[in-house]
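Take a look at the structure below.
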Protein chains: 2
Amino acid sequence: MPESPPRKRLRQSQFEQREAAILDATNRLLAGRGYDAMSMDDIAAEVGIAKGSLYKHFESKEALAAAVMVRLLTQTEAALSGLPQQTSAIDQLKALLRWTLHQRLAGGVPHLPSTSPALQQALFASRSYMDQLTRLSDQIGAVILQARAHGSLHAHLRDEFVLYTLYARTCDPTLDFLKAGGSMDDEAIVEQIVAGCFHGLAA
Amino acid sequence: MPESPPRKRLRQSQFEQREAAILDATNRLLAGRGYDAMSMDDIAAEVGIAKGSLYKHFESKEALAAAVMVRLLTQTEAALSGLPQQTSAIDQLKALLRWTLHQRLAGGVPHLPSTSPALQQALFASRSYMDQLTRLSDQIGAVILQARAHGSLHAHLRDEFVLYTLYARTCDPTLDFLKAGGSMDDEAIVEQIVAGCFHGLAA
DNA sequence: GTCTATACTGAGATAGAC
DNA sequence: GTCTATCTCAGTATAGAC
């Protein structure tokens with residue numbers, strides 16, 4: 001690829017910076033109020049631009065939300081790939097869950113759009129979202145198969161159940177209630193959830 | 001209390017029947033589309049009455065949804081109380097979870113309104129809902145303490161974590177995904193979730 | 001108490017000047 | 001590309017006749 005002239009590079013960079021700012025603002029509002037309660041006016045105000053300008057970047061509220069979710073899935077894939085090579089399969093799954101829980105506690109969006117049927121429908125209709133979700137699920141699925149081969153997972157639990165359960169823990173309201181309770185710090189919350197997920201409630 | 005005259009009894013009965021029909025219709029729509037996507041027009045159409053008439057029974061959409069949720073919590077309390085006397089504490093918790101999962105598979109509403117921040121806010125502001133939720137939570141909490149005394153729960157998991165986890169499993173999207181997958185029947189889905197919840201993913 | 005008709009509001013999306 | 005102003009529509013809630 002030939003290098004772009006400096007002027008154009010600069011302009012493009014500003015455009016991309018603003019787009020990132022829009023995604024960040026949407027991410028905050030999405031995590032805070034949820035998809036339905038978040039209006040395009042709110043997003044514009046949060047970014048500090050006019051509402052009309054949003055539509056020069058994203059053609060609809062749905063497309064904007066989908067872009068946020070695609071970015072999150074991409075980051076999650078990178079986090080999984082970035083784990084130390086020697087990590088065992090089951091520990092990779094635990095580490096992945098820990099990473100997503102910390103993301104949420106830091107104000108992130110749940111991986112599953114289960115808080116809004118409207119959003120869920122929009123995402124499932126989005127090509128880019130479904131592609132990225134498939135990529136990530138394939139990668140996690142491979143780790144699950146490894147863990148299975150090592151005998152690290154309960155034999156009577158299906159692979160699909162394990163995969164869905166990991167996704168579901170990322171949007172588990174238990175996290176919000178514990179956080180709201182205020183009697184545990186973030187680290188303790190994450191460890192309770194990871195322990196509960198992998199070892200269960202029963203002794 | 002003195003007995004009402006027959007005429008009045010009849011009229012009251014009709015009124016209550018209609019009210020029950022409204023609650024049933026709302027329950028269906030709530031479970032199907034979720035709170036935000038469900039309009040008062042939809043409810044009226046589902047019941048077969050005019051929208052204006054709804055407001056003679058419930059003063060707002062929020063109050064109507066709260067009434068549905070209170071009914072569900074009351075039924076849940078009854079289900080817990082109705083378990084055989086000799087059931088052990090841990091088995092009572094498992095039975096309760098099974099009951100709620102079967103309710104959802106039969107088209108019921110999740111116990112936690114985590115699918116809509118708007119609904120959640122409305123419910124937490126509702127006196128009757130919070131009262132009933134407290135009653136039920138106290139009752140479940142007592143069973144958790146029994147199970148704890150028997151050493152049936154992991155020692156490092158907090159009581160509040162156990163309680164929230166049980167509530168959270170009733171709105172777990174894993175159930176919806178497994179149901180949508182179509183490769184498992186209802187009984188198998190329930191057993192995977194109960195096993196996963198109490199015994200964890202790890203072998 | 002039930003109906004039809006309507007007021008009012010919030011929000012997604014667009015138009016047109018600069 | 002960004003702004004202000006506006007269109008359009010859905011949805012909650014209410015008014016008024018019967």
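Each chain gets a letter, A, B and so on, in the order its sequence line appears, and its residues count up from 1.
- Look at CZ on R33(B): it is 14 Å from P on dA10(D), rounded to the nearest Å.
- Taking a 6.0 Å sphere around CD of Q75(A), one finds it holds more than 12 heavy atoms contributed by other residues, nucleotides or ligands.
- A cation-pi contact links K61(B) to Y35(B), judged by a cut-off of 6.0 Å to the six-membered ring centre and 45° from its axis.
- For E19(A), the CD atom is densely surrounded, since the number of other residues' heavy atoms within 6.0 Å is greater than 12.
- Each salt bridge (Lys or Arg N to Asp or Glu O under 4.0 Å) pair with one or both residues in residues 65-82 of chain B, not counting sequence neighbours, appears once here: D24(B)-R71(B), E77(B)-R135(B).
- Counting heavy atoms of neighbouring residues, nucleotides and ligands inside a 6.0 Å radius, atom CD of E59(A) does not exceed 12 of them.
- Atom-to-atom, CG of L29(A) to C1' of dA11(C) comes out at 15 Å; the value is rounded to the nearest Å.
- Contact annotation: S53(B) reaches the phosphate of dC3(C) (side-chain N/O to OP1 or OP2, under 4.0 Å).
- Regarding L54(A), its CG atom lies at a distance of 17 Å from the P atom of dA15(C), rounded to whole Å.
- Summarising the geometry, the separation between CZ on F58(B) and P on dT2(C) is reported as 12 Å, rounded to the nearest angstrom.
- Taking atom CD1 on I49(B) and atom P on dC3(C), their separation rounds to 6 Å, with Å as the unit.
- Going from atom CZ of R18(B) over to atom C1' of dG1(C) covers 8 Å, rounded to whole Å.
- Side chain to side chain, T134(B) and D131(B) fail the donor-acceptor criterion of an N or O pair below 3.5 Å.
- dC3(D) atom C1' lies 13 Å from atom NE2 of H57(A), rounded to whole Å.
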What's touching nucleotides 12-14 of chain C from the protein side, N or O pairs under 3.5 Å?
| unit_1 | atom_1 | unit_2 | atom_2 | d |
| --- | --- | --- | --- | --- |
| dG12(C) | OP1 | K61(A) | NZ | 2.8 |
| dG12(C) | OP2 | M40(A) | N | 2.7 |
| dG12(C) | N7 | K51(A) | NZ | 3.3 |
| dA13(C) | OP2 | Y55(A) | OH | 3.1 |
| dA13(C) | OP2 | K61(A) | N | 3.1 |
| dA13(C) | N6 | K51(A) | NZ | 2.8 |

